Every structure is written in C-alpha cells, then in structure tokens.
Number of protein chains: 2
Amino acid sequence: MAKRHIIIGGSDAGISAALRIKEISPEDQVQMFLADAYPNFSICGIPFYFSREVSDWKTLAHRTADDIQKQGIDIFPNHFVSHIDPDQKEIQANGHTYAYDELLIGTGAKSIKPPLPGMDEEGVFTLRWIGEMLEIDQFITQKQVKKALIVGGGYIGIEMADSLRVRGLEVDLVEFQSTILQTLDEGFGKAAQQKLEEQGVKVFTGTAVEKIAPSESGLFVSGSHGFQSTCQLVLVVVGARPNSSLAMEAGVQVNARQTIKTDFQMRTNISSIYAAGDCVETYHSLLKQHVYLPLGTTAHKQGRIAGSNMAGQKATFKGAIGSQVLKIFNMVAGRTGIHDRDAAKYHLPSFTSESEFWDHKVYYPGANKLYIRLTGNPESGKLLGAQIIGSTKSEVAKRIDILATAIQNEYAVDQLNDLDLTYTPPLSSPWDPVQMAAQEWLKNVGK
Amino acid sequence: MAKRHIIIGGSDAGISAALRIKEISPEDQVQMFLADAYPNFSICGIPFYFSREVSDWKTLAHRTADDIQKQGIDIFPNHFVSHIDPDQKEIQANGHTYAYDELLIGTGAKSIKPPLPGMDEEGVFTLRWIGEMLEIDQFITQKQVKKALIVGGGYIGIEMADSLRVRGLEVDLVEFQSTILQTLDEGFGKAAQQKLEEQGVKVFTGTAVEKIAPSESGLFVSGSHGFQSTCQLVLVVVGARPNSSLAMEAGVQVNARQTIKTDFQMRTNISSIYAAGDCVETYHSLLKQHVYLPLGTTAHKQGRIAGSNMAGQKATFKGAIGSQVLKIFNMVAGRTGIHDRDAAKYHLPSFTSESEFWDHKVYYPGANKLYIRLTGNPESGKLLGAQIIGSTKSEVAKRIDILATAIQNEYAVDQLNDLDLTYTPPLSSPWDPVQMAAQEWLKNVGK
C-alpha cells in the first residue's frame, strides 16, 4: 500500500532519503518541505562561487527542482515547518496541516553565533546556506568590499580565505587555537597556514576576536594580544550546532548537545520519525560511540539509509570515521580516523609517525612530495588514523580513501602492506606511499 | 646466530628480500647475485627512457649499488648462477662456489619468443631488461630508426607505442586478439586504441604477424589478412614466462607452466630455498587459487615476505588480485580483480555494469569523465572486479585502489556505499564515483 512520506529539509539528507524512497517504492507519496528556496544545493560549493571559479550560482544545485519533481517528489519551497504532531502524524507549515505515515527530520545544522559585541553590525555574517551566500555576495559587490576578516580557521574559514583571495580581496584569518585546521596535527595546520600566507592571506593564530565595531572605513575588529584590523566584511565561521528545536518540541530524544538520537536505521525514539544529516548524532565506527560529525558525505549516507527503511527495506548505517579533504590553492589536505589528541581524549594508546614520499617515481617528471602522518595503536598495532598533505596532482584524496577503507575494515597498520594496489611510474611506486608510511610507522614502534 | 643468505636475482623480489633480511637481522650475511649489471632497476620505467621523459637511464634505479651496499648487502653483478646444490647448500657462479644457509630464487621472467620466421634478424628485439633497453636505444639512434612495429598490445606494447611516438617515430602496433589491453573489457580496449590512434599510432587488431624479413629499407613484416608493413625496428612484446630452469634443475617443484610452487611463506618444497617474484606462481585471493601474475608490486611483496621468513620472523603472503594501471598519453586505465571473461573461465556467475561520472562536481572547472565498469556476482552480491578509464587528472589509479582494498576485504558491491570517503567539490562528489557505480550495478541487478 502506498505510504505518505514527509521530509523536512531539502539538503543532502532530505533529498537522499526522498530519492531512495522513490527508487524503492515509486508509488509512495513524498513531500519535501524546505525553509528556503534552494532544494538540493551543494553548500560545499559555496566558496567556489565567491571566487568565481563557479560563475553561475545556480549550477551549485546537485539537481534542479524540475529534476527532483520529475522523480515524483513534491517540493514545498519557502515552507517553514513550525510544528510536528507525532500522535496525529501531522506537521504544520505556513499555516497548513500535512499528514504523513513516516517523517524524516533533516533540518541540518545552524551556524554557531558567538556572543561577540558587534555580531549584529552591518557587514557581519555567518555562512552556511545559499541564501546567506547570495546576501554576502551582494554585499561584497555593492559595498565594493576591499578587505574581509574571517573568524575561524576550520574548513569553511580556510576555503573562504582561499576563495576571497582569488576574488582579489585582502583577507585576514583569525583563529583562537594555536594552529588552524585543528582536525589535522599541528605541523600540517602550520603547512596550511603557510600555503595561505604564500597567497597573501594574513593568518593570526592563538587570537580571540573580542569586539566588532562600526568604523569610518567599515568595521573595526579588535581582539586578544592587541589584535586590530579594519575591514568591510566579517565572516564568522566558528562551527555549527544541530538544528533540532522542532524535533525536541515534538518529543524526539536528543543528547546533551541537542543532537538527535537515532538507531542504526536512522529511526528516532518515535517509531514513525526518522532523522538524518547534520541534526543527528553520528556513530563513529572506530570510536564505537556517537559523536557530532556534520558532513555532507555522511548526510547523504544517512539519508539514503533512512529512505530505504522508510520504503520498507531494512538498511543499516555502518558509521563514519571522519574522512575529510580540503583544497587550499594548489595544496590538498586530507584526514581520516583519529589523531593523537582524539586518542588521548578517548583513552586509546596512540603513536603517530610522519614521513615524506614522492607521489610517483621521481625519475618521471612532475613528482611532488606527499607528507603522510599515520596514527596507530602501538599496543594492538591497529591503524587509527591518517593525515596527508600534498599537491592537487598527487591523488591525496583517494589515498586517504584507501586508508579510510582500511580503517573501516579494522586493519592493523601492518596489513596495509598486503594491499594489492596499482602501480605505474608516473602515478605511484611499487609500494604506494601509504604502504611506505605503514613501513615507517612499524619501524618506529619496533615491529 | 648470524646466517648466510644468498639471493639469486637483483630485481624487485631479490632486493626486497635482501633489504628486509638486513632490517630484521643486521648481523646476517646477504649476498646478491645478478646475471646483469643493473641491480634494483625499475624495469617498469623503461618506456619513459625511450620517450626521453627520463633523460638519464641511470635514474631508473630504485637505489644505486652504493646505496644497497651501504645496507650491508654484497652485490655480485654479472655473476650468472649456473647451479644450485640443495644438499650441500651451495651455488656455483662464474666458476666459484658460495655457501648459504638460506637461498632465495628471484630469477624473474623471460620474454616469450614466438617461433616467427625472422625473429633473429637484426632490428628484431624482445624487451624486458635494462640491457635490452640500452641495446635497442642504441640501435634506434645509430640506425636512425624512423618507424617501429610493435607486436603485442598488452601493457608493455601500449606503453612502448606511446613512448616511441613521443620520441617522434612512426609506430605500428599489431595485436592478435580482437582488442588491445585484454586485461580490460572490449570497450575499454577500444578506448585505449582510440587514444593511441589520436596520437598517430596505427593499431592493427585481430592480426597475426607471420613473418619478418630483411628489406631494403630495414624490415618487412607480413601477417594475416594481407597485413604488410615496412619498418626498421620490430619489438616483440607478447608476454613473459617464468625463468625457472635453474630452480627445476635443483629439484624445486614447479607447476605445469614451469612456475615455481611456494607456500604462503614463499618457501619452496626444499625447506632452505625460497622463491619470489615473476618466477613463482602467485596466490589470487579472490579466485582462491594460484595463477601466473608477474607484476612488480607483487614481486616486492613476495620478496619482503620471503625476507621476513628468512630472517626468522613468520610472515604470510596474503595474495594478489591483479591490480594494474597504465598511462596512455593523458589517459589512465586501471583494473583490479576479475572481469566477466575470467569469471566465466572459473565458473563464477558475474554481471558487469558500465557507467560514467564526472571525476568531481561538474560546476567546478576542469571536470573530466570517468568510465567505470564494476563486475559483481549477481547471486551473492560480491564485488569481483573493477575497471576505470579516465584522465591523468582524475585519480583513476587510487580509485581502483579503493576498490582493490574492498575486494581484498571480500566486499559485497552494496558495502561500497558504507565507505566513508573524502569529498570536496574540486576532487569528488558526496558519493564518490566508485560508490555511484556501485549504486548503478545494484539497480541493474535489481537490488
């Protein structure tokens, strides 16, 4: 019998669930409610519109609304869902009531807004959604912004620093921690900083922004250690938290960080309500516990799993391990699993070795250095994590993915040497660098 | 107590074993005997010297003889081992006797010489070793060779066609089978052919070379279907067979194809004699049987395993699955596992789906198409093999390696969707192409 599915949210998790339901049960009804007008946009692509490497922002859509509707999915853009009634199985949006048999909450995350004096001044923005992108972009153009200050040296901050430099702006990047790119180890964070600085970004680490105030030439930003900067645009990108208030009001269980709890089928405590994406807690299969890990890749997977289950199949989310990659000008920095600081936090013994290799046989032209940090448990020999930095030409991302696949299969570091990986001199060496890194780690721990 | 190890052969298997022994037991004596003067050369790099992408052939050495000797390994170049006495534990080389406690046979493979009339004419060569490379190279220069004919459209034939075109020669490539690059499916073989033809190589498939004869302008080659070609150089690269006669004379067991049999520690039937590399049969972990798979990557692994065991540790060879990659001008073609023809041969049910994807989000500049063929068992769902062709910029090789890692972990096709792979728009998509290919395969088999 055909079922009625409602999806709240039209980003990665929502669309993945909707498409999967229609794939399995084409006769089911799928209604998707979006708070904004931009279904299925690739928000990871936002920096590349600012840089104008992407000239038409509409191409940032993974699929157009038309394409989605052709799949039989009804889209309700600009419909803010204000209430869920789990007993009646109804939602309220824009004053109307819609009934469902099964519901997916894919409301995503919202930017963290630190309680800084001046956060509400004109020219101060957070950035997560296409609407904000368009607003900021218009602001840059209309106000002829010459200089931007970015608060936060994580992925988005770094990508935006890259992007606005390519656009021709002066850029200051301010990070509270002692290095940017905290998901990688200090040395690699410093390498990322150096790459930004080479391209003219001014990076201030160990610096707390304390106040933003209007000034004659735009905005005056001051912080710890006498930090001062004048600019016309401030981007505050210091992280995200789950957007779960709607779920909580409906009685959906959340954890202490207000992240929605689900089982491995992505079902919440209310049996007709599923949740997926940046609003849920995610099972970390290496740490064997739930963490907050808002990533588009994970949202896609969780959405697809939820969709399969909503359509009557049984699908299980197998967990994430924090695989991420970032392009910084012509540098690529990738990571998967955990590093020593994570290991210490979770009381796991860990040892990390760093080694450098050519990305292919050095006799063949165009070889670039790869820097690999492997983290393993020196007691059990287990591979715990990996970090690689290198050139955009060095297949850094997919090398991380080999290691991610190994970690998801609970490999010991030594087992990397058993992998039958491809080789030709222009692309690798007979032992791939990820295997030579394993041999280095083993030498270092005396195995 | 320090042991005496003798290694016969100074290529991938031999050097890997020697280095591993010295790493584990620095006090042991390691003597390495080479039939030629080129220890530890990267024979996979040979084509790139012909093209002059590598200008100094000496850089093709993975390590110099000095580097090797610094590790405490004694090299005996130009020492042809003529006899092994397993009872006395001695070998004979250049009229002298050397004693060992443990011996490694790493004599590699030799080129197949088809019984063609004219094989011994001046200007007709096989190509496998550095000595042959230097001889052919000198011939090209001295005879001012304008046109070469390559017999055999496998990896070496294709790389040499690429290489000699880059060098500026006219090139004919003749293949007996209906497509070149038989380790990939027909369509991909044709794509490789098209790439060669775009660059001016003339490719003749389904054609048997029948005769080579001297002619006024060099060599006259004739074959089936009226094939005729005049050239100054003929390269016969139609495969290799194990170089195992020395081993056989010593009583080492071989199989019907004269490939040396070993256990998973790379030990032969004679307990003090190990063997590794292109002279041994290799365990194929997907087919769960031994096959002949002469590859540098495998030789390195087997040599390392043999070395560990010779040095008193216990190491086990986990098997290969035929992962290979090839660069053809700006195209990369990779494969791992088995394809439908292999599956039929081994009576495994199989289904292959082909699909195409952008290598990264198409809104970001520079996206290239990836063509992926996934082979799986439609009954069990198991992933059996993968083939990818794409641009040199598309991380084809390491994408194959993700799939190789999955196959070595006995993945079902569906499990590829569980992999936590990295994503940023300039480098991939939220589902990596290897995962979208899995989703296509599943749709096609109705899962």
Side-chain angles (χ1 to χ4, degrees), chain A residues 12 23 42 44-45 48 53-54 59-60 62 285 295-301 304 317-327 332 334 336 361-365 392-393 395 397-402 404-406 408-409 415 417-428 430-432 443, chain B residues 12 23 42 44-45 48 53-54 56 59-60 62 285 295-301 304 318-327 332 334 336 361-365 392-393 395 397-402 404-406 408-409 415 417-428 430-432 443:
Chain A
D12 297 345
E23 189 174 80
S42 171
C44 299
F48 311 108
E53 290 161 281
V54 173
T59 65
L60 292 180
H62 288 300
S285 61
L295 285 172
T297 46
T298 304
H300 274 83
K301 283 187 193 74
R304 189 172 196 265
F317 179 64
K318 293 299 192 316
I321 52 171
S323 305
Q324 284 180 285
V325 70
L326 172 69
K327 188 180 93 61
V332 176
T336 186
K361 288 304 298 179
V362 69
Y363 58 70
Y364 189 84
T392 43
K393 295 175 184 163
E395 309 204 11
K398 299 301 120 187
R399 284 189 158 109
I400 284 287
D401 289 351
I402 298 167
T405 304
Q408 284 191 284
N409 285 283
Q415 287 180 279
N417 292 318
D418 298 329
L419 291 177
D420 187 8
L421 307 179
T422 56
Y423 161 56
T424 182
L427 297 172
S428 187
W431 293 107
D432 190 81
K443 259 186 220 171
Chain B
D12 297 345
E23 190 174 81
S42 172
C44 299
F48 311 108
E53 289 159 283
V54 172
D56 176 4
T59 65
L60 292 180
H62 288 301
S285 62
L295 284 172
T297 46
T298 304
H300 274 83
K301 284 187 192 76
R304 190 173 197 265
K318 294 299 194 312
I321 53 171
S323 305
Q324 284 180 285
V325 71
L326 173 68
K327 187 179 93 64
V332 177
T336 185
K361 289 303 299 180
V362 69
Y363 58 71
Y364 188 84
T392 42
K393 295 174 183 164
E395 309 203 11
K398 298 302 120 188
R399 283 187 159 111
I400 284 288
D401 289 351
I402 298 167
T405 305
Q408 285 190 283
N409 285 285
Q415 287 179 278
N417 292 318
D418 299 328
L419 291 177
D420 187 9
L421 307 179
T422 56
Y423 161 56
T424 181
L427 297 173
S428 187
W431 294 106
D432 189 81
K443 259 186 220 171

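Being a predicted model, the structure only gives us computed values, none of them experimental. Letters A, B, ... mirror the listed sequences (proteins, then strands); counts begin at 1. The analysis underlying the following values was restricted to heavy atoms, covering all of them including side chains, and did not include hydrogens, waters or symmetry mates.
Taking all atoms of both residues into account, the shortest heavy-atom contact from A:Leu427 to B:Ala397 is CD1-CB, 4.1 Å. For A:Ser323 against B:Leu421, the heavy-atom pair with the smallest separation is CB-C, 4.0 Å. Residues A:Asp420 and B:Ala404 approach most closely at O-CB, 3.5 Å, considering heavy atoms. When every heavy atom of B:Cys44 is checked against every heavy atom of A:Tyr363, the shortest pair comes out as C-OH, 4.2 Å. Taking every heavy atom of both residues into account, A:Trp431 and B:Arg304 meet most closely at CZ2-CD, 3.4 Å.
Counting heavy atoms from C-beta on, the side chains of A:Val325 and B:Thr424 come closer than 4.5 Å.
Neither the backbone nor the side chain of B:Asp56 has a heavy atom closer than 4.5 Å to any heavy atom of chain A. If you measure heavy-atom distances from B:Ser428 to chain A, the contacts under 4.5 Å come from the side chain alone. For B:Phe48, the part lying near chain A is the side chain, with the backbone staying farther off; criterion is any non-hydrogen pair under 4.5 Å. With a threshold of 4.5 angstrom between heavy atoms, B:Val362 does not approach chain A through any atom at all.
Contact count versus chain B (heavy atoms, under 4.5 Å) is highest, among A:Asp432, A:Leu295, A:Ile400, A:Val332, for A:Asp432. Heavy-atom pairs under 4.5 Å with chain B were tallied for A:Val54, A:Leu419, A:Thr297; the largest tally goes to A:Leu419. Among B:Ala406, B:Gly296, B:Pro365, the residue making the largest number of heavy-atom pairs under 4.5 Å with chain A is B:Pro365. By number of non-hydrogen pairs under 4.5 angstrom with chain B, the leading residue of A:Gln415, A:Gln324, A:Lys301, A:Lys361 is A:Lys301. Ranking A:Asn409, A:Asn417, A:Thr59, A:Thr298 against chain B, the residue ahead of the rest is A:Asn409, based on heavy-atom pairs under 4.5 Å.
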Do B:Asp401 and A:Lys398 pass the side-chain contact (heavy atoms from CB on, under 4.5 Å) test, and can you show the C-alpha distance, the side-chain angles, and the key distance before you say yes or no? CA-CA 8 Å; B:Asp401 289 351; A:Lys398 299 301 120 187; over 6 Å; no

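Separating the CD1 atom in B:Ile402 from the OG1 atom in A:Thr405 is a distance of 5.5 Å, to the nearest 0.5 Å.
The salt bridge (Lys or Arg N to Asp or Glu O under 4.0 Å) check on B:Lys318 picks up A:Asp418, with sequence neighbours excluded. For B:Asp12, the side-chain hydrogen bond (donor to acceptor under 3.5 Å, both in side chains) criterion is met by no residue, not counting sequence neighbours.
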